[in-house]
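Note that these values count all heavy atoms, side chains included, but never hydrogens, waters or copies made by symmetry.
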Amino acid sequence: MMLTLLISGPNQPGNNIDVYLAPLIEDLKLLWETGVETFDSHKKEYFNLRAILLWTISDFPAYGNLSGCVTKGYYACPICSKNTCSQWLPKSKKVCFLGHRRFLPLEHPFRKRKKHFNNQQEHDFMPQPSSGEEIYDYLAGFETTWGKKIKPKKVGSKKIKLKKIKSRKGASKKETPKKEKTKKEKTKKKKESIDERSKFWHKKSIFFELEYWKKLPVRHQLDLMHIEKNVTESVYGTALNLPHKTKDGLKARQDLEALGIKTELRPEPKGDRHWLPPAKYTLNSAEKHLFYETLSNIKVPYGYCSNFKNLVSDDVSKMNGLKSNDCHVLMQQLLPFAIKGVLDVKVRRTILSLCHFFNELCSKVVDVSKLGKLQSDIVLTLCLLEKYFPPSFFDVMTHLMVHLVREVRLCGPVHFRWMYPFERYMKTLKGYVRNHHRPEGCIAECYVAEEALEFCSDYLKNKKSIGNPHERVDERIRSGKPLSKATIDAVDAQLLDQAHLYVLRNTAVVEPYIEQHMLELKDLNPRHARKSTWLQSQHSRTFISWFKKEVGKRLANGEDICDDVRWLAKGPNFAVTKNSGFAINEYHFHRTSRDESRTTQCSGVSLVAHTMHIASAIDSNPVYGVVTYFGRIKEIWDLNYHMFSIPVFMCDWVDSRGVKKDDLGFTVVNFDRLGQKSEPFVLASQVKQVFYVQDQQDENLHVVGFTPHRMYKYGSNGETDDMLEFDVTFDLAQDSALLDLDDDFLCTRPDGEGILVLCFCDMESDSASDHDEESKQRGPTTKTKANKVKLVITYNKKGVPVGKEATKLSTFEGLVARTMVPITYDSWLEVSEEVREGLWQYVLEKFVVDPKSRKQILQSIGKKWRNFKHYLYAKFIKNRSKDTKANLFKPPKDYPFIKKEDWKVFVSHRVTKKWEEKSMKAKNTRAHHKYNHRLSRKGYAGLINDIMQETGKTEEEIDRTLLWKKARELKTGGYDADVKTIVDKIDELQKSGSFGEVTCGTHDVLTEALGTQEQRGRVRGMGRFITPQQYFYLPKNVKYYLEIENERVDKRINKLEDDLEKLKRGVLNVFEAASCQIGGVIEDFEKQPHNESLDNSCLLAVEFAANVVAKGTIMKASDENIEVMIETILQGEALVPFPLEEEFIVKVKDALGHILSWPRHLVIRCSDLGKVVAKSVKKHATPVKKAATPVNEDVTPVKEDATPPKEEIGSNKKEKGTGKMVDGEKQPCDMEGGNDVEEGNDVEEVLIGIEKKIKKEKQNVTMQRRWTRAQMKTRIRIENSSILKMTAMMADGQVTKVDSIRVQSENDLFGYDSYTYLTWDDFEAVLTMDELTGAVIVSYMMVLFNKLKYGSPEKDHGICFVNPAVISPSTRKGKSKNIDDASRGLADRLSKRKGNDIIFMPYNPGRHWVLGVLDMKSDTCYYLDSLSSANFNMQLKQIVDSAMVLYTTQSGSNKRVKLNWVNVTCPVQPGSTECGYYMLRFMKEIVEEGIEVLVKDNIGDGKVEYTAADIDEIREEWSTFVTDFIYR
């Protein structure tokens, strides 16, 4: 029965509650004495109904109102009453409840201990609770004071108390003020009037009017729900030192000093503060972080509890919003996980014992024989808490735990008596309130209306009545119900047999067949009859086939076989139904792969099985026993036996050697040690759900947490209790380990962190964390604090201020920025030159500075001015803008120099929507800064000085890599996680020695480790005011640098005329030999590491090795390309192989001073050029008859329809009169002219000869091409296609005359203005079936786009395209751009797709094209690779997955999308260069047939490879499209 009465706040009736209870008492008397005639609808008869009130259930304050006892002060315990052991704490100004040693046995050793308790031995007996009859007799004649005390009112300066007195008619009237009595008279009168019983009781409860009330053993129930909540908050609040929740602090420590106990915890005065030594029960910073991290990372099953990640905040060290149920789960289940690896082991075991007590107490099934042990355990736990924790920890709620077991023994399980159902119903009643000024009336009206409707609904057909809801859990959840859309797959036959065998072994109707089969095996194999292992193995291998034959034999003999056995004998269907989720036995199960992207963990299972196991390592005879297995669900199968289906789980089971119990009783598993691989399946109905928590002490281990049943039936009609019953997570035995009798035990911990407390306030903060605001801030620097004597500023070699004077200059700059620059300017650029000059002159008055540093100082003032404005906005505007009572336009008192008018302008600008958008944009930008330094005002310059003093190095010897690492070190040592990754990468690069000292160029170890190029105007790791020219020594004036180079080259022109004659016949072969590295003259770049002694200068060619266009320096070598820095331009109009489109670097002349990727075969090292020249001349030279013979006379043109001569196609045969390489060996040269070119020729001389020769060679570039035989056959195929033939003619006639052709498409192709440039290389690639470039791919995507938009009929299947340059590393800025940029680019494209749900993503991870097709409707990404790779490209997968996360975040959707990646079977390319054509063919088929071609896995219409006609169709469509642009 619940009293439907809502009494709020200070208006609660107190003792007057009996007035409201009087009608209820009358009804209860009637039900007890006379009874009520009631109609039994089942038996259709009347009977006399009698009822009894067993107890009341309320929270603790209402306990006092209903029972009449005192629940505050010294006698707040209603069970102990006058025998309550309490003590006043003078500093904390509250009562604590100690003395729990009284509840111990008389011979217990704790009774004699003094030091860690109250310095006294305990000789008192355990207090006995008073019976109802004793209380009834004790309160006989007790006068109850009705009404509530009226607060004194002030009349003038005096307080006049008005008391209520009873008149003869029972009315109340007010006394007139009388003459005040003396203090003695008041005290004497008070003592005479106070009844001794009023110390313990307020009134005699109205319930004693019931005849049976005084005979009840328990009349009012203690509120376990709120007791558990308060104790939980006290435990974690004290351990974490949370404000307003901790029971520790300065006053608590001063109470220890006043009581003379725990002297080592007494506060130590330090100036105006007090130092509180670290106690055993507090956590240090590392343990706090581990505590919060454990709770925030815990994933529990569905419906288990709240998501603690939303309740725990490690950044601000808070646990907010914990409800009663959250504390219930935390105390009984999650708190043991969080403290498993923290705190002192003795304190830890004590808290675990407390958790164990509440877990046992809240069990729905109580073993009465264990209640005595449970009572002794909680008494011992409370005594240990007294030993470790301060007295302020023990409020009345902590003390009431000692009486909870008594109520369980007398009244049964607590879930029948706690407050949870009433609190939930109160939420329903509060939901009725519409008028908050009249809540009682709203509740009454809605309640009556609901009762009336429920009564009327009984007379309506086919209508469900309101009121008690129907059972929430569907019956199918108990028997089995899929939670997701199923997929049907054909599975491996061996796995299917394993699942089928497990089903047979665990089906009751099959057990006779199993026994018969085992007997037959023993009869057929008498030698192995006693070998259990062999019999089990043989049984597993042969039972399925034997069972099928046996059932068939019995059916043939006419025996009656049940249908289940018949269908089981036939076996399951090979097409298995798979689900991602399944509900059974009131559990929700999911696969492990799903849990990775969810906040819940529903894949953990445990199985208690009867199986064979060995007792020890020396035991060779296994026996049957009970073993508990732990695992995770890998897949969920629903085996179809035609007439019925059986769900099974395929799991990864932990081997028995990977399961153990630690010293605290936790079950710990190691998923690196998996077993039972031959039996991975289990019936879904057999398992129980568990969850796993990362162990705090070993990252390879997981602690097992047990999941409770959601429903518990306890009534004949199936009534249920919706509260969870938690299994015991750990098995903590109360033994001598808890009973610590060590007199030398210290309450402090050596590895702890104390608390520093201000003496003049109650604010407390961790020493390891932030102090209070007043102690942390320096306060604003004013002009009175500025220097009165000029300080001389010293500079280092790079012109940066250093030393203590530099720090003072920095402080002064901040002062100037705050006081002399108005805050009304929107940006520093708006500050006039006059104001800046005034700032500069003011600085010169106080400091002696270098006149050249004017720009630096003004920039520094500008930065501090911006920081000051941000500080004003964050502190005085941002947090108060939503407060309607706050006066934003009042300037802050701390800065009196701010004018009121300026402040109004500043506030008006900051509260606009435009400013909020700008601020949010800047905040998002700052969020991407991962590697922030931790330097103070001394900056990098001060750090350099410190390193110079420590190591003795000079300023030039200190590398910026060292500075970058030092600047990001934590005070406690080590680095953040993001910084640690870069530091490890730097250490690897330095150890490998792959980088030398860079003297000209920005690509060093730090640049490689960070993965991004240096930006203009700054150098990372060097601080402000250091330019790239200062650190990297780059030429400031490129033009001046080139003039010097040209003058040096011109001086040597005359000396090169003779060398040109020697090179005229062999120069082409020279560079081909250099690019192909013939004869081992040029070694591989990996075999020539960069060091100071090695010349890294090189010549750079395009198209073929002889076409040298520039000179540069090798920065880094890789397998395919080489990163070089361009230093000298020879052919400025030539196109670079890999243009930097983002920086508009397409031609060689634009690349001066930049680092580019260059093909390996077109890079010739200058140090090897002389050897190559000499070797090639020996190899190809003939007697020179005419000195004026043109160079190109010896070059044989190659026609389009002709095959190259045999001697030109890679022949290694030895020819007469030439020096050749035969089988890799060097042969001598027989010609006389073979030694005309010496190896010592200067590299620059060869370079000038090439520069003159290049003009004549460029005219014959087209005819001098050398193709492979496959390319020649492809070229011949052009003759059969008029379109390709015409395109080839136009390319030879028109394209060779221009650098490139611009191909334009409409804006909605990629979501922006789309165009690309086609060069001769692109046409040659298509005409010769060479590897396609990104420009060809983009231009063909324009073809498909036009088909979709303008085709007839329209074939728009909702397809859009992604530019491969956005996501492919080969078309981006080398390979240095990180995956985040590609993901952001793809996410932006998805946001501009305009409703298109199919996205084409061409991707080139490196000389190979693949295709990704993203289906937004089904959250599926199809992967097509013409090399038929079994695995996905992980870089593409990471880009697409990250882009989907960014897209859903940007779109504001709460949907968590996890893509389903499908590897599509497609035609396989026969060679090595057809990947681009195959990818274009894939896109063409999808455009024409839609996404169904991928869903049905029918790409290519079943072809193994595409025919030549299929590929030529792609080439012809591309040629037709680009021909129009050639005409333009």
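- Annotation: K634, atom NZ; neighbour count of heavy atoms from other residues, nucleotides and ligands within 6.0 Å does not exceed 12.
- Between W1409 and F1482, the ring centre distance reaches or exceeds 6.0 Å.
- Salt bridge status for K980 with D984: present, with a side-chain N to carboxylate O gap under 4.0 Å.
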### Message
I'd like to know whether L483 forms a side-chain contact (heavy atoms from CB on, under 4.5 Å) with F589, so could you lay out the CA-CA distance, the side-chain angles of the two residues, the decisive distance to 0.1 Å, and finally the verdict.
### Response
CA-CA 9 Å; L483 296 177; F589 294 102; over 6 Å; no

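- A donor-acceptor pair under 3.5 Å links the side-chain atoms of T592 to the main chain of I633, judged by distance alone.
- The main-chain N or O of G581 is never found under 3.5 Å from a side-chain atom of N579 such that the two would form a donor-acceptor pair.
- With V1413 as the fixed residue, the side chain to side chain contact (heavy atoms under 4.5 Å, CB included) test singles out one of I1399, I1499, L1494: L1494.
- In this structure, CG in D1441 is found 11.0 Å from CG in L1446, a value given to the nearest 0.5 Å.
- The main-chain N or O of A1365 is never found under 3.5 Å from a side-chain atom of S1368 such that the two would form a donor-acceptor pair.
- A heavy-atom distance below 4.5 Å is not found between the side chains of S296 and F308.
- Put simply, the side chain of Q1469 never gets that close to the backbone of Y1478: no donor and acceptor are under 3.5 Å apart.
- Here the shortest heavy-atom pairing between P1467 and Y1506 reads CG-CZ, 3.8 Å.
- Using a distance-only test at 3.5 Å, with no hydrogens or angles considered, a donor-acceptor pair links the side chain of R1515 to the main chain of L1327.
- For the pair R1481 and E1513, the minimum side-chain heavy-atom distance is below 4.5 Å.
- To the nearest 0.5 Å, the span separating CE on M1434 from CD on Q1438 amounts to 7.5 Å.
- Listed by chain and number, the residues in a salt bridge (Lys or Arg N to Asp or Glu O under 4.0 Å) with R1020 are E1014 (sequence neighbours excluded).
- When atom types are taken as modelled, the side chain of S580 and the backbone of S484 share no donor-acceptor pair closer than 3.5 angstrom.
- From I1439, atom CD1 reaches atom CE of M1444 across 14.5 Å, with rounding to the nearest 0.5 Å.
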### K1347 vs E1517, side-chain contact (heavy atoms from CB on, under 4.5 Å): CA-CA, chis, key distance, verdict
CA-CA 11 Å; K1347 280 188 177 183; E1517 290 180 348; 2.9 Å; yes

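- Of all non-hydrogen atoms in P1364 and I1337, the two that sit nearest each other are CG-CG2, 4.4 Å.
- Annotation: side chain of R591 is not in contact with side chain of C602 (no heavy-atom distance under 4.5 Å).
- Judged by the 6.0 Å and 45° rule, R968 forms no cation-pi pair with Y975.
- For the pair R632 and F671, the cation-pi criterion (under 6.0 Å, within 45° of the ring axis) is fulfilled.
- Using a 4.5 Å heavy-atom threshold, the side chains of F691 and K299 count as separate.
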### Query
Would E1505 and V1468 satisfy side-chain contact (heavy atoms from CB on, under 4.5 Å), going step by step from the backbone distance to the final call?
CA-CA 5 Å; E1505 66 179 55; V1468 181; 5.6 Å; no

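- T1333 pairs with exactly one of T1316, T1319, D1322 by the side chain to side chain donor-acceptor pair (under 3.5 Å) rule, that one being D1322.
- Here the closest non-hydrogen pair linking N1404 and E1331 is ND2-OE2, 4.3 Å.
- A salt bridge between D595 and R598 is absent, with no side-chain N of the basic residue lying under 4.0 Å from a carboxylate O of the acidic one.
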### Message
Set out, in order, the CA-CA distance, both residues' side-chain angles and the distance that settles ring pair (Phe, Tyr, Trp, His ring centres under 6.0 Å) for W1461 and F1432, then state yes or no.
### Response
CA-CA 8 Å; W1461 282 77; F1432 304 108; 5.6 Å; yes

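- Legend: residues meeting salt bridge (Lys or Arg N to Asp or Glu O under 4.0 Å) with K965, ordered by chain and number and at least two apart, are D987.
- Here the straight-line distance linking atom CG of L1414 with atom SG of C1421 works out to 5.5 Å at 0.5 Å rounding.
- Closest non-hydrogen pair, L1135 versus V1102, comes out as O-CG1, 3.6 Å.
- Under the 3.5 Å distance criterion, the side-chain polar atoms of N1433 are matched with a main-chain donor or acceptor of Q1435.
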### Message
T1473 vs D1330, test: side chain to side chain donor-acceptor pair (under 3.5 Å). Steps then yes/no.
### Response
CA-CA 6 Å; T1473 60; D1330 202 353; 5.1 Å; no

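- For the pair K1484 and L1344, the minimum side-chain heavy-atom distance is below 4.5 Å.
- Nearest heavy-atom pair, I1367 versus Y1403, reported as atom, atom and distance to 0.1 Å: O-CE1, 3.1 Å.
- Remark: the backbone N or O of I1486 is not paired with any side-chain donor or acceptor of E1489 at under 3.5 angstrom.
- The two residues D978 and Y931 make their nearest non-hydrogen contact at O-CE2, 3.7 Å.
- Separation of the F1310 and F1361 ring centroids does not fall under the 6.0 Å cut-off.
- Counting only heavy atoms from C-beta outward, the side chains of F1400 and V1362 never approach each other to under 4.5 Å.
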### side-chain contact (heavy atoms from CB on, under 4.5 Å) between I1398 and M1416, intermediate numbers included
CA-CA 6 Å; I1398 301 173; M1416 300 292 289; over 6 Å; no

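- The residues E635 and K578 are annotated as salt-bridged, a charged nitrogen and a carboxylate oxygen being separated by less than 4.0 angstrom.
- With rounding to the nearest 0.5 Å, the separation of CG in L1480 from CH2 in W1518 is 11.0 Å.
- Atom OG1 of residue T1420 and atom CG of residue N1460 lie 5.0 Å apart, to the nearest 0.5 angstrom.
- Using bins of under 30°, 30° to 60° and over 60° for the plane-to-plane angle, the ring pair H702/Y692 lands in the perpendicular bin.
- Surrounding NZ of K1458 are more than 12 heavy atoms belonging to other residues, nucleotides or ligands, all under 6.0 Å away.
- Salt-bridge formation is not detected for the pair E917/K921: no Lys NZ or Arg NE/NH1/NH2 atom is positioned less than 4.0 Å from an Asp or Glu carboxylate oxygen.
- For the residue pair S1391/D1388, the side-chain donor-acceptor check at 3.5 Å is not satisfied.
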